[in-house]
Participant: 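Here you go, one structure.
This chain uses plain numbering: 1 for the first residue, then up along the sequence.
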Amino acid sequence: MKFATITFTFALVASSVNASNKVLKRTKNTKAQKGEKKFVSKVASPKISRMPTPSSEYQDHYLVGLLNYPNDDIPDILDGVTSGTFIDGAGGAPFNYIPSLFPHHDPSVGFSDIEPFYANGEKVRGEFFCLSDNGYGSSKNSADYALNIVHMKIQKPFTFRHGEGTFDAYTKTENFGTALIHDPDKLIRWENGADIQVEYDVPDNTWDEYKELRVLTGRDFDVEGLAVINENFAIIGDELMPAIFAVNPTTGVVLSPFVRTPDIDENGEFNGKFLSTRGDKVHCSISSLEANDCMEVDSSVVDASQFRKHDPSGGYEGFSLLADGSIAAFVEKQSGDSTLGDEPGVRVYKVLPGDGTAKNPPKFDSFRGFYPFELNAGNIADVSAIPGSSNLVAVIERNGFPNGHLFPAPTMPANKLCVVDLTDLNEDMVMFNKKCILNYHQVSDPWDVDGNGIFRYAQTQVTNEQVIVVDDYCIVAGTDTNFPWTNQFDVDTTALPFGQEVTDTRFMVVCFTEPIFNLKYPLMD
């Protein structure tokens, strides 16, 4: 997911009501279309003003170190394959990216999720499955990017400066293997008979093997979420419909058809409708797909369909396996070309993974509730379960920062890591038991691990789309690169000591002083 529209989320509260009791009341919207509901305050007084609902209680922590995965580190399976033929002019001036800069290389475009790596059913410390982004940001420009999952080693040397020993500011991660997400059993098919992109068009003969394998591209899905059950079974969350499907994360083989996201009524019950976006192939004619002439449709087409319209950059950024075996599936946002903007937070669904076969695909079990944003945030960047918990998850929120280097800026950062109880809901199904524990632009660096003499670090990127809680103390948090639009501060990166590293996929390891992710620790008290 690339540059998403910023939204601001508020709750309506009476000044005498404690923040933990904030509620929002639904009522019918006289302007609503197709039975949609609008959410308004339960409080009757017209004089009550909008008030933010901050819940920050930052915990003592320290930066362990920084790592990077270079954009030009091309794995063999992608090397020599044409990509980027749709990218010229994408994103608008002044980018005007020219595809010929990498006519025979499929670059690393960053990752949308990070999950534990398993071997023989056991987690391997310091190794992870990293899910590639869809390519260059949308269905319109990513039809020639092969979706993939990387087995990555991410470990940083650190000794609390024992004996005054220090290490390099950045450590390169190691790619242990890249698996192309592909559909050899022809399980992926849309309701109108549409097939995957390689059946209609590929850039050139460098894609011959990919076509035979039926490799999925960024025109088929915008993969954002990954919930790994074991080394042979995972569920992917997409945002072009949005939908979910099963995959083998080690081989990349698709294991099930996709399953669409159900819409809900005012009581949080499934209403028989499903979400869809203008990037969804179900709205294209087969002839237009065969002519490679339907990368997305006009928004009005979705309005006129049987589906509930949502924005194509708003799917399952937050997607995490819980201890009870279910998946917490967070819709990214309510903003943009969406009809969900009147709801009191982003939707969170309960997904059951199935068994990794086509006969028993993943399914949406129920609606969990609405997740409310902190002030000035408007997007879910990623979600990670607290180890051993079926109700507590860590959520990274974001907005559209940065957008240039001149201040006052059009946007200020709103990147916070928060812990929320999925089961603690108010009467309007809003998850109000929430605590924000880390600000990405206020990371403590008491050991000066980057060696710059400054004891604070900021993990700046429009899309910090990877976070995983690895134990009682520590997280690994990574960025998407937004390739090729990596220079989001619009500065001369060649003049920076780490100009290359800040345009690569970056990771930070942060540990908390106390074991705040241990279920016995009273973090949420």
Side-chain angles (χ1 to χ4, degrees), residues 58-73 108 110-111 113-117 123-130 150-176 381-382 384 387 394 396 398 413 415-417 437-461 463-481 486 488-489 493 496-517:
Y58 300 145
Q59 302 294 300
D60 192 34
H61 65 276
Y62 52 93
L63 179 66
V64 166
L66 308 174
L67 305 96
N68 67 301
Y69 178 62
N71 289 330
D72 60 358
D73 187 356
S108 170
F111 302 103
D113 204 352
I114 181 172
E115 289 288 308
F117 178 81
K123 293 180 182 179
V124 180
R125 180 169 291 277
E127 296 182 25
F128 304 90
F129 284 115
C130 293
V150 173
H151 172 197
M152 191 81 78
K153 180 181 179 181
I154 306 172
Q155 278 190 309
K156 182 72 182 184
F158 177 73
T159 62
F160 295 92
R161 292 194 76 128
H162 178 69
E164 283 306 307
T166 60
F167 302 92
D168 290 341
Y170 278 88
T171 299
K172 288 186 179 181
T173 64
E174 296 181 62
N175 182 340
F176 284 171
D382 199 12
S384 178
I396 178 65
R398 70 171 188 87
N415 303 89
K416 294 181 180 180
L417 184 70
I437 59 174
L438 179 69
N439 187 318
Y440 272 26
H441 286 79
Q442 199 173 331
V443 179
S444 297
D445 181 19
W447 311 109
D448 192 20
V449 293
D450 54 7
N452 61 6
I454 300 171
F455 303 105
R456 177 178 289 186
Y457 171 73
Q459 181 90 328
T460 300
Q461 188 79 13
T463 48
N464 281 288
E465 293 190 343
Q466 305 175 73
V467 69
I468 183 169
V469 178
V470 294
D471 55 31
D472 288 352
Y473 294 89
C474 302
I475 64 168
V476 175
T479 68
D480 186 356
T481 65
T486 57
Q488 293 156 13
F489 276 116
T493 56
L496 302 178
F498 298 108
Q500 179 59 54
E501 287 81 357
V502 296
T503 61
D504 293 335
T505 299
R506 290 172 290 136
F507 300 89
M508 66 175 177
V509 180
V510 174
C511 294
F512 292 85
T513 305
E514 299 295 332
I516 66 170
F517 300 124

Participant: A side-chain contact here means heavy atoms from C-beta on lying under 4.5 Å apart; do Phe117 and Phe176 qualify?
Facilitator: no
Participant: Sequence neighbours excluded and cut-off under 3.5 Å, please list the side-chain donor-acceptor pairs for residues 162-172, or say none.
Facilitator:
residue : atom : partner : partner atom : Å
Glu164  : OE1  : Arg161  : NE           : 3.3
Glu164  : OE1  : Arg161  : NH2          : 3.1
Thr171  : OG1  : Lys156  : NZ           : 2.8

Participant: Looking at CG of Asp382 and CG of Leu417, how far apart are the two atoms once the value is rounded to the nearest 0.5 Å?
Facilitator: 10.0 Å
Participant: So which pairs with a foot in residues 466-477 pass salt bridge (charged side-chain N to carboxylate O under 4.0 Å, His left out), sequence neighbours left out?
Facilitator: Arg125-Asp471
Participant: Taking C-beta and beyond as the side chain, do Met152 and Phe111 meet within less than 4.5 Å on heavy atoms?
Facilitator: yes
Participant: Taking the side chain as C-beta and beyond, is there a heavy-atom pair between Pro116 and Ile468 under 4.5 Å?
Facilitator: yes
Participant: Less than 4.5 Å apart, side chain to side chain, heavy atoms only: is that true for Val64 and Tyr62?
Facilitator: yes
Participant: State which residues pass side-chain hydrogen bond (donor to acceptor under 3.5 Å, both in side chains) with Gln155; sequence neighbours excluded, sorted by chain then number.
Facilitator: none
Participant: Return the set of residues passing side-chain hydrogen bond (donor to acceptor under 3.5 Å, both in side chains) with Tyr457 (not counting sequence neighbours), or none when no residue passes.
Facilitator: Gln459
Participant: For the atom pair CG (Leu438) and CD1 (Ile516), what is the distance rounded to the nearest 0.5 Å?
Facilitator: 8.5 Å
Participant: Testing Thr505, Thr173, Asn175 one by one against Tyr69 for a side-chain hydrogen bond (donor to acceptor under 3.5 Å, both in side chains), which residue passes?
Facilitator: Asn175
Participant: With sequence neighbours left out, write down each residue that passes side-chain hydrogen bond (donor to acceptor under 3.5 Å, both in side chains) with Asn439, or none if nothing qualifies.
Facilitator: Tyr58
Participant: Quick one: does Gln461's side chain get under 4.5 Å of Asp480's, heavy atoms only?
Facilitator: no
Participant: Are side-chain heavy atoms of Ile114 and Ile154 found at a separation under 4.5 Å?
Facilitator: yes
Participant: About how many Å separate CZ of Arg456 and CG of Asp445, when rounded to the nearest 0.5 Å?
Facilitator: 11.0 Å
Participant: Measuring from atom CG of Asn68 to atom CD of Gln500, what distance do you get when rounded to the nearest 0.5 angstrom?
Facilitator: 8.0 Å
Participant: In Å and rounded to the nearest 0.5 Å, what is the CG to CZ distance from Asp113 to Phe128?
Facilitator: 12.0 Å
Participant: Any pair with a residue in residues 501-514 that passes salt bridge (charged side-chain N to carboxylate O under 4.0 Å, His left out), sequence neighbours left out, goes on the list, sorted by first then second residue, please.
Facilitator: none
Participant: With sequence neighbours left out, write down each residue that passes side-chain hydrogen bond (donor to acceptor under 3.5 Å, both in side chains) with Thr513, or none if nothing qualifies.
Facilitator: Asp60
Participant: To the nearest 0.5 Å, how far apart are CD in Gln488 and OG1 in Thr503?
Facilitator: 10.5 Å
Participant: Any idea how Phe517 and Phe512 line up, ring-wise: parallel (<30°), tilted (30 to 60°), or perpendicular (>60°)?
Facilitator: perpendicular
Participant: Tell me the closest heavy-atom pair linking Val509 and Leu67, and the distance in Å.
Facilitator: CG2-CD1, 3.9 Å
Participant: What residues form a ring-ring contact (aromatic ring centres under 6.0 Å, His included) with Phe507, not counting sequence neighbours?
Facilitator: none
Participant: Would you please name every residue forming a ring-ring contact (aromatic ring centres under 6.0 Å, His included) with Phe455, sequence neighbours left out?
Facilitator: none
Participant: For a 4.5 angstrom cut-off between non-hydrogen side-chain atoms, does Ile396 reach Tyr440?
Facilitator: yes
